[in-house]
2 protein chains.
Amino acid sequence: MRMVRAGLTADRVTLAGAELADEVGLDHVTMSAVARRLGVKDASLYAHVRNLEDLRGRIALLAADEKTIRIAEAIAGRAGKDALVAYANAYRQYAHDHPGRYTATQIPIQIDPELLAGAPGPRRAVELTYSMLRAYALREPDLTDAVRIMRSMLHGFVSLEAAGGFAHARPVEDSWLRCVDGLHTLLEHWPAHDEGDPA
Amino acid sequence: MRMVRAGLTADRVTLAGAELADEVGLDHVTMSAVARRLGVKDASLYAHVRNLEDLRGRIALLAADEKTIRIAEAIAGRAGKDALVAYANAYRQYAHDHPGRYTATQIPIQIDPELLAGAPGPRRAVELTYSMLRAYALREPDLTDAVRIMRSMLHGFVSLEAAGGFAHARPVEDSWLRCVDGLHTLLEHWPAHDEGDPA
DNA sequence: GGCTCTTCCTAGTAGCCCTAGTTTAAGCCT
DNA sequence: AGGCTTAAACTAGGGCTACTAGGAAGAGCC
């Protein structure tokens, strides 16, 4: 019996869970599997993490932070279409590099509020997106609509791609370029507001 | 002991699973829960469905069929922007009415090929989308790109909405209108192909 | 009525989440 | 250094889940 004390912390448990998620998929991340990976009995994890749902929430926050940092680095010093392309590519690249973590960011949000308060990722991500899109001369409420559309497009493309939804012969990479391109033109030529809105 | 023979079939099991998915979420659809709902022991289900994964695949196919039918009805007799709007609204409405079934359609595809061959939904859905977008004077490979972009946008919006990702004060309904509107203008003014593509 | 077929059952294994209570390693204090 | 405190990790166990194997009992056919 070694019994050398594994030196667990909430962060180490979360990291092990995140790695596991990338390797085998988020919904194969079980307490038992994480414990095995850490060389520990599953009951030991409960000293650091409330339960499985809490662990998944922590993985989601970790991923949000990492993704935000990558995007921030990517768009630093860029503007306009350059910034948009850099943003989109960084977003997609993160999802490719960390598929399990990425899916964790998309779970219906029920994260411990106290935990969320300590993580800058989600809030900062929103700020980044807004400030980047402000360059397109959009004002509220169009700005919010634009943010939502951009998020929809990126998340939709990336998650369909991950689910194997693009089976056609056409290379996905090419479609991606057109997608980001289209997003740019859409933001540039934001449609006038007054059509078909009788209210 | 009643023992009146519940009259199960694969379809009835699938339907029970689909209803359950809409009520409690797809990943709370368990063999035990479906069996309880049908007044049957869980072991009895395995005569009709191979295992849980198979059941989920069947739910996905059921949903694909239903969704396709709704969209087909919605766009029947319409063209151009009318058709696009009807398509998008039917798509979103289905996801609202059947959230569990909808998420089932987005699982990484590992459906029994034989089963898939018998279900017209997925193939027909692709055909519908292609034929509708052909009205926008798009030719390959732009057509495929357009289909992918449209699917990305719709799926992205709907799934972010379902995940509670749109917390801002701005009504989601308004953003949705702008989103579909933007998609239309994007398809109408499809960007020229020759920019930034030096290869 | 007897035969067969399928349906549905009981029984059982193994894995999962999580709790309660116990042992023991690590760090501090004198 | 030896003893105390803290908390890290354990053992034990309950309850739920997926799934398998083999048995009983309805339904239709002769």
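Lettering follows sequence order; numbering is per chain, from 1. Heavy atoms only: backbone and side chains are in, while hydrogens, waters and symmetry mates are out.
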**Whole-Å distance separating the CZ atom of B/Arg50 from the P atom of D/dA18** = 17 Å
**Complete:** note: B/Leu52, atom CG; D/dC16, atom P; distance rounded to Å ~ 18 Å
**salt bridge (Lys or Arg N to Asp or Glu O under 4.0 Å) between B/Glu19 and B/Arg101, intermediate numbers included** = CA-CA 8 Å; B/Glu19 291 168 356; B/Arg101 285 156 150 104; 5.6 Å; no
**Message:** More than 12 heavy atoms of other residues, nucleotides or ligands under 6.0 Å from CZ of B/Arg92: yes or no?
**Reply:** yes
**Prompt:** Is the distance from OP1 or OP2 of D/dT17 to the nearest side-chain N or O of B/Arg36 less than 4.0 Å?
**Reply:** yes
**Within 6.0 Å of NE2 in A/His28, more than 12 heavy atoms from elsewhere** = no
**Message:** From CZ of B/Arg12 over to P of C/dT6, roughly how many Å is that when rounded to an integer?
**Reply:** 20 Å
**Asked** After noting the C-alpha distance and the side-chain angles of A/Gln106 and B/Leu160, does the key distance pass the side-chain contact (heavy atoms from CB on, under 4.5 Å) rule?
**Response** CA-CA 8 Å; A/Gln106 303 299 336; B/Leu160 286 181; 3.4 Å; yes
**Message:** Considering every strand and a 4.0 Å limit on heavy-atom distances, what is the contact class for A/Ala43: base, sugar-phosphate, or nothing?
**Reply:** base
**Request:** Round to the nearest Å and state the distance from B/Asp42 atom CG to C/dG12 atom P.
**Result:** 15 Å
**Request:** State which of C/dC17, D/dT20, D/dT17 makes the closest approach to the side chain of A/Met31.
**Result:** C/dC17
**Message:** In terms of relative ring orientation, are A/His168 and B/Tyr130 parallel, tilted or perpendicular, with 30° and 60° separating the classes?
**Reply:** parallel
**Request:** Scan B/Ser44 against the nucleic acid and name what it touches under 4.0 Å (heavy atoms): base, sugar-phosphate only, or nothing.
**Result:** base
**Complete:** Here the distance between atom P of D/dA18 and atom CG of B/Asp27, to the nearest Å, is 12 Å
**Interatomic distance, B/Leu38 CG vs C/dC8 C1' [rounded to whole Å]** = 13 Å
**Request:** Name the closest nucleotide to the A/Lys41 side chain, picking from C/dT7, C/dC16, D/dC10.
**Result:** D/dC10
**Asked** B/Tyr46 OH to D/dA18 P: how many Å, rounded?
**Response** 6 Å
**Item:** Nucleotide nearest B/His48 (side chain, heavy atoms from C-beta), chosen from D/dA9, C/dT7, D/dT20
**Value:** C/dT7
**Request:** Give the rounded distance in Å between these two atoms: NE2 of A/His28 and P of C/dC17.
**Result:** 12 Å
**Complete:** Side-chain contact check for A/Thr30: nearest option of C/dC18, D/dA18, C/dC17 is C/dC17
**Complete:** Picking from C/dC18, D/dT17, D/dC19, the nucleotide nearest the side-chain atoms of B/Ser32 would be D/dT17
